[in-house]
Amino acid sequence: MVTVHLPRSLVTLFPEAPPRRLEMASSTLSELVDALEARWPGMHDRLCEAGPRIREHINVFVDGERERDLAAPLPAGSEVHIIPAVAGG
Amino acid sequence: MAKRVEVLVGTKKGAFILESDETRGDWRLRGPYCQLWPTHDFVRAADGTLYAGGGNAWYGPSVWRSLDDGITWTQSSRGLSYGADGPKVTTVWKLEPGDGVVYAGVEPAGLFRSTDRGETWEHVAGLREHPSQPQWEPGAGGLCLHSICLHPTDPERLWVAISAAGTFETTDGGATWTTRNKNVRADFIPGPTPEFGQCVHKLRVVATNPDWMYQQNHCGVYRSDDGGKDWTDISPGLPSEFGFPMVVDPNDAKTIYVIPHAPPEEGRQSIDGKPAVYRSRDRGDSWQRLDTGLPREHAYLTVLRENMAIDSLDQSGVYFGTSGGQVFGSNDEGETWSMLADFLPSIWSVEAAVIEA
């Protein structure tokens with residue numbers, strides 16, 4: 001399991017707002033995005049653009065290190081922070 | 001049956017609704033909606049569905065939808081993409097609901113349609129396959145497809161306008177497109193009037209007579225009598241050829257409204273700080289200045305291309321929004337004006353709807 005932290009500006013886009021902090025059984029970033037999409041349809045497109053690749057102004061940190069590769073592994077117990085880039089606002 | 005009038009306002013930070021009864025004397029504002037999403041267009045379809053389109057720097061382009069009058073909203077951009085090898089769609093500029101379809105114009109310029117009320121979108125690829133596409137140039141607002149004009153009876157036929165590529169028409173549902181820019185000037189391109197490259201700011205087709213069209217262009221105001229095949233400059237009588245929005249009275253297709261602005265090198269704003277709407281009742285042969293109730297001086301308003309609307313009541317109401325967050329309205333065909341709202345975020349679109357209450 002990994003712990004995922006979602007930004008408020010993302011969760012409020014969905015009628016049944018996801019929790020800001022949740023546990024997911026995902027072993028890669030791609031799996032994590034797919035799992036979020038399955039629970040909250042449309043979330044994939046908010047986080048990723050065609051490719052797919054992570055949107056330019058969405059920053060993802062895995063255990064504090066910035067990660068842009070959707071194929072990146074997520075070690076069990078890792079903390080994933082999804083944070084809008086300051087440049088986007 | 002009593003009627004309710006709505007002015008739907010899209011802003012840089014969300015969507016708002018102004019509501020009034022048929023007198024259009026007192027207005028109530030509600031919103032913001034769409035989670036402060038930058039909203040380029042906000043419309044109500046004939047079936048009552050509210051759609052709002054725009055783009056967010058973090059989360060990309062999307063179309064919001066409400067089936068319950070704005071109480072709850074969902075959003076989707078599924079299919080709203082040129083694919084991994086194409087340019088990135090940044091925002092939705094225009095939404096045009098039709099019979100069983102909703103069209104979306106996006107930036108960079110392209111056309112999408114949805115046949116499931118905005119759940120999913122399909123690229124109308126034929127437009128970007130037009131041989132002129134590699135030479136399309138952006139205007140100051142970007143390379144945006146901002147006008148979508150549906151033929152009132154033929155679903156295969158529609159016109160779009162792109163700033164700054166010009167007007168295009170399809171008669172086969174979007175598979176192929178023809179330029180419709182004859183005699184429309186493009187002063188920023190040397191030589192004779194080009195086949196494409198014109199900077200259309202707003203294109204309108206007359207629903208009751210689709211041979212009649214109008215456009216406010218970067219380089220003048222024009223009308224067409226033949227579905228856009230040829231255009232006539234109707235700018236004489238206006239204080240400036242430059243402006244962004246234009247509307248046609250749904251009760252009288254000879255009556256049109258524009259808001260002349262100072263040209264780009266003079267600021268794209270109210271001329272001499274004195275805002276005015278101009279109306280023609282004879283298809284642009286003559287114009288009347290309408291400014292009663294508008295600020296008299298030191299008011300440097302910018303009214304962008306999607307920012308004027310007209311309702312369909314017998315005595316038409318006319319509305320416009322400003323980049324400074326004001327909405328002005330007239331319930332007497334522009335003769336007198338009042339401010340309906342102030343201090344809103346920068347306004348990007350104004351649409352009017354009349355609803356059976």
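What you see is a predicted model, and the numbers here were worked out from it, not measured in a lab. Letters A, B, ... are given to chains in the order of the sequence lines, protein chains preceding strands, and every chain is numbered from 1.
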Asks: Between B:Cys34, B:Ser81, B:Ser62, who has the most heavy-atom pairs with chain A when the cutoff is under 4.5 Å?
Replies: B:Ser62
Asks: So, are B:Arg65 and B:Asp116 salt-bridged, with charged N and O less than 4.0 Å apart?
Replies: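 Looking at B:Arg65 and B:Asp116, the cut-off is not met.
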Asks: Using a 6.0 Å cut-off, check whether atom CG of B:Asp99 has over 12 heavy atoms from anything other than its own residue.
Replies: no
Asks: Can you pull out the residues in residues 7-17 of chain A with any heavy atom less than 4.5 Å from chain B?
Replies: A:Pro7, A:Ser9, A:Leu10, A:Thr12, A:Leu13, A:Phe14, A:Pro15
Asks: Looking at A:Glu56, A:Arg53, A:Glu49, which one has more heavy-atom pairs under 4.5 Å with chain B than the rest?
Replies: A:Glu49
Asks: Please give me the minimum heavy-atom distance between A:Arg46 and B:Trp37, naming the atom from each residue.
Replies: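 It is NE-CH2, 3.8 Å.
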Asks: I'd like a table of donor-acceptor pairs (distance under 3.5 Å, sequence neighbours excluded) in which one partner is a side-chain atom from residues 69-86 of chain A, with atom names and distances.
Replies:
from    : atom 1 : to      : atom 2 : distance (Å)
A:Asp69 : OD1    : A:Ala71 : N      : 2.9
A:Ser78 : OG     : A:Pro75 : O      : 2.7
A:Glu79 : OE1    : A:His5  : NE2    : 2.6

Asks: Taking the six-membered ring for Trp, are B:Phe42 and B:Trp73 parallel (under 30°), tilted (30 to 60°) or perpendicular (over 60°)?
Replies: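 Tilted: the ring planes of B:Phe42 and B:Trp73 meet at 30° to 60°.
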Asks: Counting only heavy atoms not in B:Asp47, do more than 12 fall under 6.0 Å of its CG?
Replies: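 Count over threshold, so yes.
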Asks: Using a strict 4.0 Å threshold on nitrogen-to-oxygen distance, state whether B:Glu351 and B:Lys94 make a salt bridge.
Replies: yes
